[in-house]
Amino acid sequence: MSYEFKLPIIDISAFTIDSNSRTEKLKIAKQIYEACRNVGFFYLIGHNVPQEIIDKVLKLGYEFFHLPEEEKIKYSIANEDYARGYQRLGENVTRYKKDWHEALDFYKPIPRTHPLVLKNLPLRGENQWPENPSEFRAVFSEYIDYMLKLGALVMSAIALGLGLDENYFEKFLEESFWVMRVIGYPDLKNIADKDRVGVSCGEHTDYGCLTFLNQDNTKEALQVQTKDGNWINADPLYGSFVVNIGDMLNIWTNDIYKSTLHRVIHKGDSYRVSVPFFYEPNYDAKIEPLEACLQIDPVKHHEPVVYGEHLLKKVSTNFEIIES
Ligand SMILES: N=C(N)NCCCC[C@H](N)C(=O)O
Ligand SMILES: O=C(O)CCC(=O)C(=O)O
Ligand SMILES: [Fe+2]
């Protein structure tokens with residue numbers, strides 16, 4: 001092939017240093033705007049999350065997945081809310097096909113006493129933290145704090161890029177109903193139950209605002225669909241996060257930004273680990289096309305949605321029973 005498409009690399013450091021000028025910030029915001037319009041995916045560098053902790057979470061994920069099965073299923077999603085916890089290989093489903101991965105999922109904790117609208121809704125609950133490896137909880141908790149700050153920062157750049165005030169999205173995000181998945185992918189060579197398995201993770205768009213993917217050094221696993229319908233690899237670039245936008249930014253921008261289809265097909269020999277962090281709106285945030293975007297195209301392409309309702313609809317199909 002004569003032409004190889006590469007995802008853009010964006011350096012966000014102008015936003016992490018207070019003294020930086022507005023001109024500098026606007027330049028970065030414009031790059032993000034272009035990336036979100038064109039492909040909806042980019043590499044983020046200059047993000048200030050220490051490399052040591054980025055590496056550590058992947059290592060801890062790897063160690064957890066290599067524990068004996070009986071240790072892992074202690075944290076089964078069935079113990080809690082069918083969302084938080086451990087899912088065996090093939091337990092997660094995309095478009096009626098089993099995904100060939102295992103995972104530990106975490107959400108913003110919503111204790112049963114939380115006054116929020118989540119009353120009686122399925123996604124309330126506490127996270128199930130593994131006791132082994134022993135540092136798991138401490139390291140990941142610190143990681144989550146970093147990612148929440150980074151999410152807010154990138155959303156302020158997104159706001160600027162859309163011609164809005166830097167703080168515009170804050171009110172939708174202050175109680176971010178974040179999700180973090182720690183995912184383990186064996187290779188696809190020894191699949192049991194072949195008929196009902198799709199790929200490592202079937203094609204989908206993400207559900208919320210921004211996804212920050214921390215992936216190990218496995219190449220040719222994550223693939224992204226470009227506008228012309230081709231699939232390109234989003235291979236790891238050490239020191240960066242692969243960032244993509246989700247359905248809520250698609251709605252806010254009235255389709256100026258697309259939530260891009262992506263999938264994982266891991267054919268290599270290694271055991272791949274990735275940790276996507278989903279920076280999402282508040283559970284009860286109402287999302288609708290922005291005035292600023294309706295000035296460009298006055299035709300509304302989306303009805304308002306409550307983020308949590310959208311999420312629930314999606315999550316409930318992720319564990320759909322497959323007819324035998
Ligand atoms: N929170 C997010 N975006 N999770 C993405 C999971 C994608 C796979 C899932 N089985 C699906 O069907 O979407
Ligand atoms: O593992 C990956 O590279 C991506 C996973 C993903 O797309 C997701 O969990 O939403
Ligand atoms: Fe995804």
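Quantities reported herein were computed from a predicted structural model and do not represent experimental measurements. One-based numbering, in listed order, for ligands and for the atoms of each. What's counted below: heavy atoms across the whole structure, side chains too, no hydrogens, waters or symmetry copies.
- Salt bridge status for D105 with R181: present, with a side-chain N to carboxylate O gap under 4.0 Å.
- Of the candidates R272, R181, R263, H204, it is H204 that places a heavy atom closest to atom 6 (C) of ligand 2.
- Angle NE2 (H262) to the Fe ion (ligand 3) to NE2 (H204): 90°, rounded to 10°.
- Counting atoms of ligand 2 from 1 in the listed order, those under 4.0 Å from a heavy atom of V264 are 1 (O), 2 (C), 3 (O), 4 (C).
- Neither the backbone nor the side chain of Q215 has any atom closer than 4.0 Å to an atom of ligand 2 (non-hydrogen atoms only).
- Proximity to L213 (heavy-atom distance under 4.0 Å) selects the following atoms of ligand 2: 2 (C), 3 (O).
- Atoms of ligand 2 lying under 4.0 Å from any heavy atom of F278, numbered from 1 in the order shown and given with element: 8 (C), 9 (O), 10 (O).
- Looking at D206 against ligand 2, only its side chain comes within 4.0 Å, counting heavy atoms.
- Residue-ligand proximity, H262 to ligand 2, at heavy-atom distances under 4.0 Å covers atoms 7 (O).
- Neither the backbone nor the side chain of T211 has any atom closer than 4.0 Å to an atom of ligand 2 (non-hydrogen atoms only).
- Looking at D206 and the Fe ion (ligand 3) together, the shortest N, O or S contact belongs to OD1.
- Salt bridge annotation for E102-K72: present, with a cationic side-chain nitrogen under 4.0 angstrom from a carboxylate oxygen.
- Of the options V224, I183, D216, the smallest heavy-atom separation from atom 9 (O) of ligand 2 is shown by I183.
- A salt bridge links K59 with E63; the closest basic N to acidic carboxylate O contact falls under 4.0 Å.
- In the vicinity of P276, heavy-atom distances shorter than 4.0 Å reach the ligand 2 atoms 9 (O).
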